[in-house]
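Computed from a predicted model, the values in this text were never measured in an experiment.
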Amino acid sequence: MKRKSLITAAALLAAAGALAACSPDQGKSTANPGGNNASSCTNTITKKDLPVVTMWGWYPNTQLVVDNFNKQNNEVQVCWTNVGQGGDEYQKFQTAISAGTGAPDVIMVEMDRIPTFQIQNALVDIRKYGFDAVKANYSEGAWKDVSVGEAVYGVPVDGGPLAMIYRKDVFDKYKITPPKTWDEYEKAAQKVKDAGGPHFGDLGANVPALLMALQIQKGAAPFTYDPAQPKSIGVKLNDQASKDVFDYWGGLAKKGLVGTQDQFTPEYISGVINGKYATYISAAWAPGYLTGAGVGKGKDTGKFAVAPLPQWDPANPVQVNWGGSAFSVTSQAKNPELAAKVAYGLYADDDSLKDGWTNQVIFPLNLKALKSPEFVDAKVGFFNGQQANKEVYVPAADAYKGVTYSPFGQYYFDAMTKQVSAMIEGSVTGAQAADKLQEDVAAYAKEQGFTVQ
């Protein structure tokens with residue numbers, strides 16, 4: 001495979017940036033990235049006689065998590081630096097990969113970015129560094145999301161099982177009950193529109209990862225990739241399931257049943273606050289994001305609830321995921337075994353996990369938290385005391401089986417955004433958008449040296 005082409009692909013990914021779906025908080029960049037130089041820690045290391053592992057990460061409560069780890073560990077200490085969130089961090093990491101120096105020992109990455117760095121030999125397969133001891137702490141789906149083939153390139157931390165957040169006031173006004181199928185969703189949307197109500201949801205061109213998840217729910221398998229055959233990749237973006245989902249959402253938009261506003265913008269958030277949308281199809285991290293953006297406060301306090309994601313076939317439900325991050329060991333780690341110990345141990349102690357979910361920083365994938373009665377039975381403030389974890393999010397996480405991501409995920413997302421925008425504008429149908437997306441991404445894969453199956 002052409003290494004230069006792969007580095008180009010990763011550079012494009014990093015330059016494009018990314019919304020870190022696991023966390024609404026942007027964090028502060030640090031002028032000096034630090035790399036694996038432990039002289040510029042954000043945190044204070046008190047056990048100075050122990051070996052140090054450097055780490056990059058951007059969770060809002062990373063300071064607390066690192067301090068918890070260092071306090072409890074007598075074998076290794078963590079030197080943490082925040083070099084920026086998502087795309088900012090990836091750009092610095094890509095620079096370090098290209099230079100062969102400057103990367104940290106452990107790095108926080110979104111799960112869908114792992115294959116892009118793995119294919120450059122920038123991450124370490126951590127199976128031989130204590131994987132068996134922690135394997136049972138996470139679900140099959142969580143491990144699949146951080147794996148490439150049989151190899152494991154990260155320790156899962158948080159995820160984003162999908163669900164349907166909705167406005168109780170709108171549903172009550174128009175006598176709507178939470179739809180259990182996508183057919184019911186469209187009928188409810190039509191009922192609300194006919195009565196002069198708001199848009200029932202939103203089709204944002206800037207959330208391609210969400211649309212990918214919805215296509216997978218319908219039965220699509222966008223990519224198949226096995227590192228044992230590194231020059232070959234399966235690209236199936238215009239199968240019938242993918243076309244069905246594009247046609248469905250494009251049809252809702254054409255009928256005026258859903259809006260077409262880009263999400264994560266001030267305008268969109270204002271619409272959510274003001275009841276412009278009856279539903280918000282999003283992930284388990286959304287309540288934390290929305291709370292941080294001012295939703296659920298003031299005049300819209302207590303007006304939100306959550307229900308399971310509508311299904312195509314309720315007799316055979318499929319749960320999907322949007323977002324989530326992991327801690328990976330980089331190939332520049334001075335001591336991979338110690339680095340793996342850090343990756344396994346960060347955000348794995350009870351205090352850190354509890355702080356993460358109680359403050360809506362993460363939706364935990366560690367089963368110690370995910371299965372704990374305190375988490376499962378929690379009454380979620382954003383949902384006015386609803387036991388959202390027990391009723392919706394935990395069952396969805398339990399049923400999630402994981403996906404195969406591609407080594408050029410950002411290019412795929414950018415190409416999808418382009419086609420969804422065209423679909424919204426009406427220049428292509430949903431099926432045509434899927435065909436054009438297939439043509440675009442398959443051609444790009446070939447340019448990068450892959451044989452497309």
Side-chain angles (χ1 to χ4, degrees), residues 1-18 56 86-87 89-129 131 143-156 208-209 212 221-237 324-333 336 339-340 343 402-416 440-453:
M1 188 175 292
K2 299 178 181 178
R3 182 172 175 80
K4 183 177 179 182
S5 295
L6 294 172
I7 290 177
T8 300
L12 284 171
L13 178 151
W56 290 354
E89 183 201 76
Y90 302 153
Q91 180 68 64
K92 293 179 176 68
F93 186 36
Q94 184 59 50
T95 298
I97 294 169
S98 300
T101 185
D105 299 316
V106 174
I107 187 168
M108 175 182 164
V109 292
E110 291 161 286
M111 294 173 179
D112 60 8
R113 301 308 195 263
I114 285 176
T116 300
F117 296 124
Q118 178 275 333
I119 204 169
Q120 299 178 78
N121 299 315
L123 303 178
V124 173
D125 179 358
I126 58 175
R127 286 177 297 172
K128 64 180 179 180
Y129 299 119
F131 172 70
W143 282 123
K144 183 171 177 59
D145 279 355
V146 296
S147 299
V148 181
E150 297 298 318
V152 177
Y153 291 98
V155 181
M212 179 186 75
F223 300 99
T224 51
Y225 178 68
D226 183 350
Q229 297 179 308
K231 294 185 178 180
S232 178
I233 191 167
V235 180
K236 295 182 179 179
L237 311 179
S325 299
F327 289 120
S328 296
V329 176
T330 78
S331 57
Q332 294 183 26
V403 301
T404 297
Y405 294 111
S406 85
F408 41 84
Q410 190 61 49
Y411 185 90
Y412 162 56
F413 287 156
D414 290 344
M416 185 188 285
D440 185 350
V441 176
Y444 180 80
K446 292 175 183 176
E447 288 175 4
Q448 302 309 306
F450 290 97
T451 297
V452 176
Q453 304 297 323

Would you say the side chain of [Y] lies within less than 4.5 Å of the side chain of [X], judging by non-hydrogen atoms?
X: Tyr225; Y: Pro230; answer: yes
X: Ile114; Y: Val146; answer: yes
X: Tyr405; Y: Met212; answer: yes

Rounded distance [0.5 Å steps], [atom1] in [X] versus [atom2] in [Y]:
X: Phe93; Y: Gln332; atom1: CZ; atom2: CD; result: 7.0 Å
X: Ile119; Y: Phe117; atom1: CD1; atom2: CZ; result: 12.5 Å
X: Ser331; Y: Tyr153; atom1: OG; atom2: OH; result: 10.5 Å
X: Asn121; Y: Thr330; atom1: CG; atom2: OG1; result: 12.5 Å
X: Ser406; Y: Asp112; atom1: OG; atom2: CG; result: 9.0 Å

Output a table of donor-acceptor pairs, distance under 3.5 Å, between side-chain atoms of residues 122-129 and any protein atom two or more places apart or on a different chain; print 'none' if there are none.
from, atom 1, to, atom 2, distance (Å)
Asp125, OD1, Arg127, N, 3.1
Asp125, OD1, Arg127, NE, 3.1
Asp125, OD1, Val152, N, 3.2
Asp125, OD2, Arg127, NE, 2.9
Asp125, OD2, Arg127, NH2, 2.6
Arg127, NH1, Glu150, O, 3.3

Which residues pass the side-chain contact (heavy atoms from CB on, under 4.5 Å) test with Ala415, not counting sequence neighbours?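 Expected list: Tyr411, Leu437, Asp440, Val441.
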Just jot down the side-chain contact (heavy atoms from CB on, under 4.5 Å) partners of Ala209, sequence neighbours excluded, or say none.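 Scan of Ala209 (side-chain contact (heavy atoms from CB on, under 4.5 Å), adjacent residues dropped) gives Trp322, Phe413.
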Reference residue Trp56; test side chain to side chain contact (heavy atoms under 4.5 Å, CB included); the match among Val109, Ile107, Asp105: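 Between Trp56 and the candidates, side chain to side chain contact (heavy atoms under 4.5 Å, CB included) is satisfied uniquely by Ile107.
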Write down the atom of [X], the atom of [Y], and the distance for their closest heavy-atom approach.
X: Val106; Y: Ala339; result: CG2-O, 3.4 Å
X: Tyr90; Y: Glu110; result: OH-OE1, 2.7 Å
X: Pro336; Y: Ala333; result: CD-O, 4.0 Å
X: Met416; Y: Pro208; result: SD-O, 3.4 Å

Closer than 3.5 angstrom, by distance alone: can the side chain of Gln453 be matched with the main-chain N or O of Thr224 as a donor-acceptor pair?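 No; zero donor-acceptor contacts below 3.5 Å.
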Donor-acceptor under 3.5 Å (Thr116 side chain, Pro407 main chain):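 Yes, Thr116 side chain to Pro407 backbone: donor-acceptor pair under 3.5 Å.
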Set of residues satisfying ring-ring contact (aromatic ring centres under 6.0 Å, His included) with respect to Tyr412, sequence neighbours excluded: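 Scan of Tyr412 (ring-ring contact (aromatic ring centres under 6.0 Å, His included), adjacent residues dropped) gives Phe223.
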Does Phe327 have any ring-ring contact (aromatic ring centres under 6.0 Å, His included) partners at least two apart in sequence or in another chain, and if so, which?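 Testing Phe327 for ring-ring contact (aromatic ring centres under 6.0 Å, His included), a comparison that skips the adjacent residues, returns none.
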